[in-house]
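Report on the structure given below.
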Amino acid sequence: MQHRVTLAINLSVLATNYRAVCDIAAPCTVMPVLKANAYGLGVAQIAHALVKAGAPRIAVAEPFEALQLLNLGVPVQILSGILPDEMAEMIAHDVVLPIVSVESAKQLSAAAMAQGKQATVHIKLDTGMGRAGLLWHEAAEALREIVTLPGLNIEGLFTHFPLAYESGSAFTLEQLNRFKQVLAAAQALGLSFRYLHAANSDAINNAPEACSSPFNLVRCGINLHGAFDAAGSLRIPLKPVLTLTTRLTQVRTLPAGTPIGYGHTYCTTRPLRVGTVCAGYADGLPLALSNRGHVLIRGTSAPILGRISMDYLTVSLEDVPDATVGDTVTLLGRDGMHEIRVQDWANIKGTHAYDIICSIGSRVQRTCC
Ligand SMILES: Cc1ncc(COP(=O)(O)O)c(C=O)c1O
């Protein structure tokens, strides 16, 4: 039995997007960020496709995600924090780990020494994200201690931007200055780093300074899926990777004066042919699409009427008179001349593309093509 709501993930478009990001980010290498199960899309096939496309390493957020990717044949790296009781297992599996404080460096050092190993680490600097890492103005002092610790293969230094979607952001430039000051202090201590990285998708598109010397690596998530943060501009020629479809389950004509859905937020003003579509907010459709969004049926736009329910929504079939039960309904993606993009939903909901992609429901069948 086929699932009603299906998310098709086009892996060859994903690989094309990866290469497009590489072209723009050059001379930096591009590390895909596949945390949270590749933003909820299904990490295994996406990771394999990206490694096949040339990705030399993969980043995730936490240990369970790292364990799922150990068979890829490329280094797997945790970006955020690491808890003391997670360290031994991650070191045993050669996962690249973040140092976010002197304390975490000491714990990693001890855990590595206990295994007679070197833990490969990247030092995370908080240059203005306010989330995690060595505070940039305390970093030189911290590095003096960290550099003395045994069992650490210090491979990278990195930071993260909160405002990189703002083209020419003065704050982002200030973060880069802070980073370079800490880098100079580290170099004065004799440290040299194989990888220096700061840019995410927003910065690759809006802060080219983060894709050039001294940086040699960028971390890219959302752009790989053909989506982007509409708060900023896009300089990479990306193609949408996702197509979300379902089926039409009922077609009927409602008389004038018929209210539709919870809350009766829509009422027909004339006899109207409508369709019931098998998808709702449990599948990830933003409630904000109620009375505002549309779907595509037979290459034609069909406006959503009334409030979206958990499993169903109602559309007007006024412009699709030949629609019948069982027809494919495109929720996201292209049908004929029309296309509905992740950003369109994000705009209507007043959110960003990450929220839309990560909210696609667990009962939606993900298929790679
Ligand atoms: C530290 C870090 N780097 C890079 C990324 C990738 O971001 P994006 O999906 O915007 O490319 C993230 C994701 O939030 C992140 O937390």
Side-chain angles (χ1 to χ4, degrees), residues 14 17-18 20-22 24-25 28-41 43 46-47 50 55-63 65-66 69 75-82 95-100 104 121-134 136 156-167 169 172 175-176 179 195-208 210-211 215-236 238 240-242 342-343 346 351-360:
L14 180 91
N17 285 342
Y18 177 74
V21 177
C22 290
I24 297 284
C28 287
T29 302
V30 180
M31 171 165 66
V33 177
L34 301 184
K35 58 187 189 170
N37 194 25
Y39 294 15
L41 300 175
V43 74
I46 288 181
L50 289 167
R57 53 201 294 120
I58 301 287
V60 294
E62 48 111 299
E65 295 169 4
L69 299 177
V76 176
Q77 169 162 2
I78 292 179
L79 293 177
S80 315
I82 173 98
V95 174
V96 180
L97 298 172
I99 284 181
V100 296
S104 75
V121 294
H122 287 214
I123 296 171
K124 183 162 191 163
L125 290 183
D126 188 346
T127 57
M129 178 71 186
R131 188 168 68 178
L134 302 177
W136 70 279
L157 182 69
F158 71 112
T159 194
H160 193 45
F161 299 123
L163 298 172
Y165 51 84
E166 287 175 1
S167 203
S169 154
T172 301
Q175 283 186 273
L176 292 173
F179 186 93
Y195 296 111
L196 296 171
H197 48 116
N200 59 351
S201 296
D202 276 341
I204 297 167
N205 284 290
N206 299 285
C211 303
F215 298 99
N216 58 4
L217 184 70
V218 299
R219 309 181 300 267
C220 182
I222 196 84
N223 278 179
L224 300 173
H225 311 303
F228 62 99
D229 188 343
S233 38
L234 181 69
R235 67 177 176 128
I236 308 173
L238 300 172
V241 166
L242 307 178
V342 169
Q343 289 79 236
T351 186
H352 47 48
Y354 308 82
D355 177 27
I356 300 297
I357 293 180
C358 288
S359 299
I360 292 173

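We count ligands from 1, going down the list as the structure has it; atoms in each ligand are counted the same way.
In terms of heavy-atom proximity, P98 sits nearest to I82 at O-CG2, 3.6 Å. Smallest separation of non-hydrogen atoms from C220 and S201: SG-OG, 3.5 Å.
Using a 4.0 Å cut-off between heavy atoms, R219 contacts ligand 1 through both its backbone and its side chain. Residue-level proximity to ligand 1 for H352 is absent, since no heavy atom of it falls below 4.0 angstrom. Contacts with ligand 1 closer than 4.0 Å are made by side-chain heavy atoms of L79 only, the backbone lying farther away. Only the backbone of C220 comes within 4.0 Å of ligand 1, judged by heavy-atom distances.
No side-chain heavy atom of S169 sits under 4.5 Å from any side-chain heavy atom of Q175.
A donor and an acceptor atom, one from each side chain of S233 and N206, are located under 3.5 Å apart.
The single protein non-hydrogen atom nearest to atom 13 (C) of ligand 1 is K35 NZ, 2.8 Å, given as residue, atom name and distance. Closest protein heavy atom to atom 9 (O) of ligand 1: Y39 OH, 2.5 Å. Atom 10 (O) of ligand 1 has as its closest protein heavy atom Y354 OH, 2.5 Å.
Proximity to H160 (heavy-atom distance under 4.0 Å) selects the following atoms of ligand 1: 1 (C), 2 (C), 3 (N), 4 (C), 12 (C), 15 (C), 16 (O).
Checked by distance only, ligand 1 and S201 come closer than 3.5 Å through their nitrogen or oxygen atoms.
In this structure, the side chain of R235 engages the main chain of I204 through a donor-acceptor pair within 3.5 Å. Judged by distance alone, the side chain of Y18 and the main-chain N or O of V30 form a donor-acceptor pair under 3.5 Å.
Relative to atom 7 (O) of ligand 1, the option among V218, N200, N205 with the closest non-hydrogen atom is N200.
Taking the six-membered ring where the residue is Trp, H122 and Y195 present parallel rings, their angle staying beneath 30° rather than reaching 60°.
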